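In what follows, a structure is listed as structure tokens, so that the remarks can point back to it.
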Amino acid sequence: MIGRARLSERYFARHANEVAVSLIGVVLLVNGVGGRIVETESYDPEDPASHSYLYRRTARNAVMFERPGLAYVYRSYGLHWCLNFVCRGGSAVLIRALEPVEALAAMQRRRATKDLRKLCAGPGRLCQALAVDGSLNGASLLAKPFALYRRHGDVEIVSGPRIGISKAREALRRFGEKDSPFLSRRFSPGAQAVGRQPLLRK
DNA sequence: CGATAGATCGGCT
DNA sequence: GCCGATCTATCGC
């Protein structure tokens, strides 16, 4: 089925910008259900769009300041759940879309659609498909019910502005697999190839 | 304490 | 394109 090499604790002990890029192509499973990560976004304490902006701690974001390798799950717009991977120094990666790979039937049932393109295309949708909710907030990504497998093979990665935010719109901190049909939204035709420019744009 | 905005989504116009 | 669902944090009175 899938490449067997698991991610290590050290993997997450880097800044979210770096982790967000390297996660593209990684397989994420929750209780054996999931697929390849094709879209991510990065956030950190110096970023006005981040829940951890200025290191301000609340009941909701406390997990962001605990340690790398934890799941930060929060409720969005009162209805949907969003899954983040906590990285170094209060930074985190929002998991925005998966290419469905494992246990398709379970995801189709939970999402009430058979359309593979709509199963995990968006942070709220993928949480519904993988049954991620607030009970997993603070859980380790290196233990059950999570499983993360390194990517195998090449992936062409592009970057662009993040989706659905009003602050720091110009930062190119959304990353994805170029032309994947499983993205929450396509990248613009001229999207910047990752690796040809500095990642950090404040 | 009330109002409002927000890392969203699905249904409708 | 707009709207409503309705949780969390913040800001204003």
Side-chain angles (χ1 to χ4, degrees), chain A residues 12 15-21 23-24 28 30 35 37-66 68 70-98 100 107-138 141 158-177 181-188 191 199-202:
Chain A
F12 299 99
H15 189 274
N17 280 326
E18 211 178 314
V19 177
V21 172
L23 278 171
I24 303 302
L28 162 67
V30 178
I37 296 171
V38 295
E39 183 182 342
T40 59
E41 285 179 359
S42 72
Y43 293 86
D44 72 50
E46 294 174 13
D47 168 17
S50 175
H51 290 173
S52 61
Y53 185 45
L54 300 180
Y55 297 90
R56 191 176 176 80
R57 204 180 168 122
T58 66
R60 179 177 68 167
N61 71 11
V63 169
M64 291 186 81
F65 300 105
E66 283 187 34
L70 301 184
Y72 167 45
V73 182
Y74 73 92
R75 208 191 269 281
S76 174
Y77 291 90
L79 292 176
H80 313 288
W81 296 100
C82 288
L83 171 65
N84 297 254
F85 293 174
V86 175
C87 301
R88 183 201 288 161
S91 69
V93 176
L94 172 67
I95 310 302
R96 285 196 57 91
L98 306 182
M107 293 190 279
Q108 288 167 324
R109 183 178 67 250
R110 289 165 177 166
R111 291 271 306 121
T113 178
K114 300 209 171 195
D115 186 347
L116 293 184
R117 293 191 183 211
K118 291 186 177 173
L119 280 191
C120 304
R125 289 167 172 176
L126 81 86
C127 282
Q128 187 178 26
L130 274 59
V132 169
D133 64 22
S135 68
L136 288 175
N137 187 40
L141 297 166
V158 292
S159 66
R162 292 172 292 184
I163 292 177
I165 55 166
S166 59
K167 299 165 198 156
R169 304 271 300 260
E170 71 290 348
L172 303 181
R173 297 182 69 169
R174 174 179 177 236
F175 306 98
E177 179 174 25
F182 303 100
L183 297 170
S184 67
R185 283 173 49 180
R186 307 197 67 82
F187 285 83
S188 62
L199 292 180
L200 269 173
R201 284 273 185 278
K202 278 197 181 167

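Everything quoted here is computed from the prediction, not taken from an experiment. Side chains are part of it too, since the values below use all heavy atoms of this structure and drop only hydrogens, waters and symmetry mates. Letters A, B, ... mirror the listed sequences (proteins, then strands); counts begin at 1.
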Would you mind classifying the nucleic acid contact of A/Arg75 as base, sugar-phosphate or nothing, using non-hydrogen atoms under 4.0 angstrom?
-> sugar-phosphate

Can A/Arg88 be said to sit on top of A/Phe12's aromatic six-ring, NZ or CZ under 6.0 Å from centre and within 45° of the ring axis?
-> no

So, A/Asn61 side chain and A/Arg56 main chain: donor-acceptor pair closer than 3.5 Å or not?
-> yes

Given atom CG of A/Asp133 and atom P of C/dC7, what is their separation to the nearest angstrom?
-> 14 Å

Under 3.5 Å: donor-acceptor pair, side chain of A/Glu39, backbone of A/Ala97 = no

P spacing across the pair B/dC1 / C/dT6, given as an integer number of angstrom = 22 Å

Given the rule in the side-chain hydrogen bond (donor to acceptor under 3.5 Å, both in side chains) test, do A/Thr113 and A/Asp115 qualify, once you have shown the distances and angles that lead to the verdict?
-> CA-CA 6 Å; A/Thr113 178; A/Asp115 186 347; 5.2 Å; no

All heavy atoms of A/Leu94 vs all of A/Pro123, minimum pair found to be CD1-CB, 4.2 Å

Measure from OH on A/Tyr53 to P on C/dC11 and round the result to the nearest Å.
-> 11 Å

A/Arg185 atom CZ, neighbour heavy-atom count above 12 within 6.0 Å | no

With both pairing distances under 3.5 angstrom for Watson-Crick or G-U wobble, and | for a partner in another strand, the correct string for DNA chain C is |||||.||||||.

Heavy atoms under 4.0 Å is the rule here; annotate nucleotides 7-13 of chain B 5' to 3' with B where the base is hit, S where only the sugar-phosphate is, and - elsewhere.
-> BBSS---

cation_pi(A/Arg162, A/Tyr43) dist<6.0 Å, angle<=45 | yes

A/Arg174 side chain to A/Ser159 backbone, donor-acceptor under 3.5 Å | no

Would you indicate what A/Arg56 reaches in the nucleic acid, counting non-hydrogen atoms under 4.0 angstrom: base, sugar-phosphate, or nothing?
-> sugar-phosphate

